[in-house]
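A short write-up of the structure that comes next.
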Number of protein chains: 2
Amino acid sequence: MGRAPSRPVDSRMQDIAEAKKRCARVAPILKTLAHPQRLFLLCRLAKGEATVTELRDASGASQSLISQHLTRMRREGIVQARRDGNFIHYRIVDPKLSALILHMEKTFNE
Amino acid sequence: MGRAPSRPVDSRMQDIAEAKKRCARVAPILKTLAHPQRLFLLCRLAKGEATVTELRDASGASQSLISQHLTRMRREGIVQARRDGNFIHYRIVDPKLSALILHMEKTFNE
DNA sequence: CATGCATATTAGGATATTATAATATTTAAA
DNA sequence: TTTAAATATTATAATATCCTAATATGCATG
């Protein structure tokens, strides 16, 4: 009595390994979205560039806190900064992320 | 010199308030997704019911930890349990969430 | 160069999350 | 009614996150 053919098992295990890797890659991004203030900032940015001041005014959070959130998202490569005189404009780097955020806004609207 | 018409300002502020509320409502759900193990579990469940044992085997995490994650998601109403003999089958409650998870899998696949 | 405005950084305490180990519960079946 | 398997719960230590207050940096303009 030989074993069951090993290929299917192996490839399933490989699928699982792949899935785990994807989860490990995506989870940190979701972690960044998973905060009311940051999600608000990102929803705003999904509609286009904004300065820190705009973001602060809209969100009502302290300047320091906004800046910390933005710095974190910059470190993570989620947003990019562009200076224009005294102001700094932020934008979402990956259009796919913008699209996902807009998609989520729709999904959870009701 | 009268003020600028107040309606637009008011309605923009109301939009912001609405957006904030949505963020406050959605963020906790994202927080639940924002963990490699939980995301893996949910990706699996997005494809259909599974028992704790299946989930444990696939994820390789400890029984206790899986159970804690599932309990948390049950408390949050994200997932539902159904007993069948010794086994307990879990499933995602809201099809919209399943769809979102599958959508994300696609989005971040590349 | 001094002043003001916009933004960033740092330090800190408070709180939340995570994983592990140990124990409990529930069900099936001998 | 033991026993074993599947799942849940609890306690706890390690770590991470969050916010505030204070301070620093960079730029523009008088």
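Every chain is numbered from 1, with letters handed out A, B, ... down the list of sequences. The shown structure was predicted, so the numbers you read here are calculated from the model rather than taken from an experiment.
- Salt bridge K31(A)/E76(A): absent, no basic N to carboxylate O contact under 4.0 Å.
- The closest donor-acceptor contact from the side chain of R25(A) to the backbone of I29(A) lies at 3.5 Å or more, if one exists at all.
- One interatomic measurement links the two molecules: NE2 of H35(B) to C1' of dT18(C), which rounds to 6 Å at whole-angstrom precision.
- Atom CD in Q37(B) sits about 10 Å away from atom C1' in dT18(C), given to the nearest Å.
- Atom NZ of K31(B) is separated from atom C1' of dT18(C) by 13 Å (rounded to the nearest Å).
- Here the C1' atom of nucleotide dT10(D) and the CZ atom of R75(B) are 13 Å apart, to the nearest Å.
- For L55(A) and dT7(C), the CG to P distance is 9 Å, given to the nearest whole Å.
- To the nearest angstrom, P of dG26(D) lies 11 Å from CD1 of I88(A).
- Taken to the nearest 0.5 Å, the CZ atom of R44(B) stands 11.5 Å off from the OG atom of S59(B).
- In this structure, CZ of R56(A) is placed 16 Å from C1' of dT20(D), rounded to the nearest angstrom.
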Considering only nitrogen or oxygen atoms on both sides, find all protein atoms under 3.5 Å from nucleotides 27-30 of chain C and state each distance.
{"residue": "dT27(C)", "atom": "O2", "partner": "N86(B)", "partner atom": "OD1", "Å": "3.2"}

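- Only Q63(A), S64(A), S67(A), Q68(A), T71(A), listed by number, bring a heavy atom of residues 61-73 of chain A to less than 4.0 angstrom from any atom of DNA chain C.
- With R75(A) contributing its side chain and G77(A) its backbone, the two residues share no donor-acceptor pair below 3.5 Å.
- Y90(B) and R74(B) share a donor-acceptor pair across their side chains, judged by distance under 3.5 Å alone.
- Note on Y90(A): every side-chain N or O is 4.0 Å or more away from OP1 and OP2 of dA6(C).
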message: Run the side-chain contact (heavy atoms from CB on, under 4.5 Å) test on E105(A) and V26(B) for me, step by step, so that the C-alpha distance in whole Å, both residues' side-chain angles and the decisive distance to 0.1 Å come before the verdict.
response: CA-CA 9 Å; E105(A) 258 189 317; V26(B) 173; over 6 Å; no
query: Can you check side-chain contact (heavy atoms from CB on, under 4.5 Å) on R91(B) and V79(B), steps first, answer last?
result: CA-CA 5 Å; R91(B) 66 186 197 77; V79(B) 75; 5.7 Å; no
- request: Dump the intermediate steps for side-chain contact (heavy atoms from CB on, under 4.5 Å) on D84(B) and R82(B), then the final yes or no.
  value: CA-CA 7 Å; D84(B) 174 25; R82(B) 163 178 79 80; 4.1 Å; yes
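- When heavy atoms are screened at a 4.0 angstrom cut-off, R38(A) is found touching the sugar-phosphate backbone but no base atom.
- The backbone N or O of T32(B) lies less than 3.5 Å from a partner atom in the side chain of R38(B), making a donor-acceptor pair.
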